[in-house]
Amino acid sequence: MRIAVVGSGYVGLVAGACFADIGHEVILVDNDRQKVAALTQGQVPIHEKFLPELLERHRGHRLTFSGDLHAAVEASDAVFIAVGTPSTERGDADLSYVESVARGISGAINRYKVVVEKSTVPVYTSEWIRKIILRNAAAPDSFDVASNPEFMREGTAVSDFFYTDRIVIGADSERCTAMLREIYAPLTDGSYYQRPDAIPRPDRAQIPPPMVVTSTKSAELLKHACNAFLAMKISFINAVASVCELVGADVHQVCLGIGTDSRIGSRFLNPGIGYGGSCFPKDLRAFRAVAREHGYEFRLLDEVMLINEDQRRRFLHKVHSALWTLRGKRLAVLGLAFKGGTDDIRESPAILVTQMLLQEGCQVAAYDPAAKERAREVFGSAVEFADNPYDAARGADCHRWTQSL
Ligand SMILES: NC(=O)c1ccc[n+]([C@@H]2O[C@H](COP(=O)([O-])OP(=O)(O)OC[C@H]3O[C@@H](n4cnc5c(N)ncnc54)[C@H](O)[C@@H]3O)[C@@H](O)[C@H]2O)c1
């Protein structure tokens, strides 16, 4: 099948490379010219395991890069929208990038196409995309809008694509569902996993993955609900950890006891400085906002967010209790990305804690081999970037490490 993926960031680039690997002809579109040029020349702009191999395998053959949305849509049967959906100042999702892509798609519908939301978007976005495309004179039966939320985790994004827990398809017509089923058929019929060059299967992966087919609205909503639930699990265990500290219990022993309950599971029960990254914080805010807009006050989410913010303050308090005053103290920070295996520092708790330490007058030496360059853009010369963890820790009064989720 011919596929256009619009937005070649963490999600679009990985999805595009993986679609090419399961046999589709993919055009990756981005409006960032420098990114398109870098990708065309063979550069890999993000740190993600197996991505360089897949790009090398398909670049220039089944995978091409372009800044021309119109031509890419004309040439494609399915168009995946994978642009950013950041928070606005009010906390709801900024859908202006999605709208601009929808407008660009509308003039290029030359035969039946499926327009697929890959970006995380609030419920009702598919209806807005449809309206925008119709307003720009596309015939109503010339396209469908579907939702195919992405559950990949940065750091294991490529493996997560092939060995996902489930593929969710939200579609409201048979024709559209059939097309999405066909796109994912190499995974759902198991043929991909027979290939000698398949990406290695991680432990515990279930193959072939089940496909969950829902209405478009349900698919949009379940992605927000999924991220909200995972963030809630993290805040829950952080709240439990705070009580443990007060009463002298060991939270890790408590986690073992809770996590072995098959109804709960051990994943995402890691106490730490809280969740961050480009998804959980903004998706919780967006889910909260969309619920309110439709008349439901989702107060549970307020508490999840408050506990998360509190973790950073609690951490700073701990540093104070270990070192008393902080001005002039040298601290080592090991890990700056929002978790291991990625260079993504968006809303990283490690960055936020480092900023708090700098405000307290500390000298900070940091080590993160993947996120160093991105972090340098934030801190400039305010932080010393070490080449290895030992150099960072040398002479430090205190050091910390980020715990991966
Ligand atoms: N990063 C993740 O782990 C993850 C996981 C699941 C879902 N998501 C969701 O996927 C979406 C994309 O996230 P991301 O992390 O890949 O974002 P990103 O910021 O890394 O990438 C977005 C890309 O879209 C491009 N873009 C913006 N406007 C464009 C336009 N009009 N035309 C063409 N390209 C355009 C940007 O240049 C950028 O390259 C978001 O909605 C996010 O919530 C992200």
Side-chain angles (χ1 to χ4, degrees), residues 4-18 27-39 43-49 51 65-73 79-88 92-106 108 115-122 125-126 129 132 147-161 164-165 167-168 219-220 222-224 226-228 230-231 275-287 337-348 374 404-405:
V5 179
V6 189
S8 38
Y10 284 87
V11 167
L13 186 56
V14 169
C18 294
I27 308 174
L28 259 167
V29 183
D30 208 287
N31 64 356
D32 179 339
R33 283 183 188 186
Q34 280 182 339
K35 196 179 262 188
V36 173
L39 284 164
Q43 291 173 31
V44 186
I46 55 170
H47 178 87
E48 200 57 63
K49 198 172 176 193
L51 184 61
F65 305 98
S66 168
D68 188 344
L69 175 64
H70 189 94
V73 174
V79 184
F80 284 77
I81 303 177
V83 298
T85 50
S87 286
T88 67
D92 53 346
D94 177 355
L95 297 171
S96 56
Y97 303 99
V98 174
E99 182 180 351
S100 137
V101 173
R103 234 184 275 121
I105 291 171
S106 60
V115 177
V116 191
E117 300 164 341
K118 194 74 164 148
S119 300
T120 303
V121 291
T125 302
S126 65
I129 294 176
I132 296 293
S147 166
N148 170 220
E150 181 54 64
F151 297 97
M152 65 163 226
R153 298 157 300 169
E154 288 179 23
T156 53
V158 171
S159 290
D160 288 346
F161 180 94
T164 178
D165 290 341
I167 297 161
V168 173
E220 290 170 332
L222 73 83
K223 171 65 191 176
H224 269 161
C226 183
N227 277 359
L230 293 171
Y275 61 79
S278 65
C279 291
F280 285 4
K282 81 161 172 66
D283 290 347
L284 255 75
R285 291 191 289 266
F287 196 24
F338 82 94
K339 64 174 181 176
T342 179
D343 58 346
D344 196 346
I345 57 165
R346 290 178 284 184
E347 297 207 37
S348 164
R374 290 190 198 273
S404 59
L405 300 177

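Atoms within a ligand are numbered from 1 in the order they appear, just like the ligands themselves. Keep in mind that what you see is a predicted model, and the values were worked out from it rather than measured.
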Q) Do you know which two heavy atoms are closest between V83 and G7, and how far apart they sit? A)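 Closest approach of V83 to G7, heavy atoms only: CG1-CA, 4.1 Å.
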Q) When you check the gap from the basic side-chain N to the acidic O, do R346 and E154 get nearer than 4.0 Å? A)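 Counted as a salt bridge, because a side-chain N and a carboxylate O are separated by less than 4.0 Å.
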Q.
Just to be sure I understand the cut-off, which residues have at least one non-hydrogen atom under 4.0 angstrom from an atom of ligand 1?
A.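 For ligand 1, the residues that come within the 4.0 Å heavy-atom cutoff are V6, G7, S8, G9, Y10, V11, D30, N31, D32, K35, A82, V83, G84, T85, Y97, S100, V101, S119, T120, E150, M152, E154, K223, S278, C279, K282, R346.
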Q.
More than 12 heavy atoms of other residues, nucleotides or ligands under 6.0 Å from CZ of F151: yes or no?
A.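 Count over threshold, so yes.
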Q) Which is it for D30 and F65 under the side-chain contact (heavy atoms from CB on, under 4.5 Å) test, yes or no, and what are the steps along the way? A) CA-CA 8 Å; D30 208 287; F65 305 98; over 6 Å; no
Q | The single option from R285, E347, K282 passing side chain to side chain donor-acceptor pair (under 3.5 Å) against S87 | A |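 By the side chain to side chain donor-acceptor pair (under 3.5 Å) criterion, S87 pairs with just one of R285, E347, K282: R285.
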Q: Mark yes or no for whether T125, through its side chain, and P122, through its backbone, hold a donor-acceptor pair below 3.5 Å.
A: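 Confirmed, T125 side chain pairs with P122 backbone.
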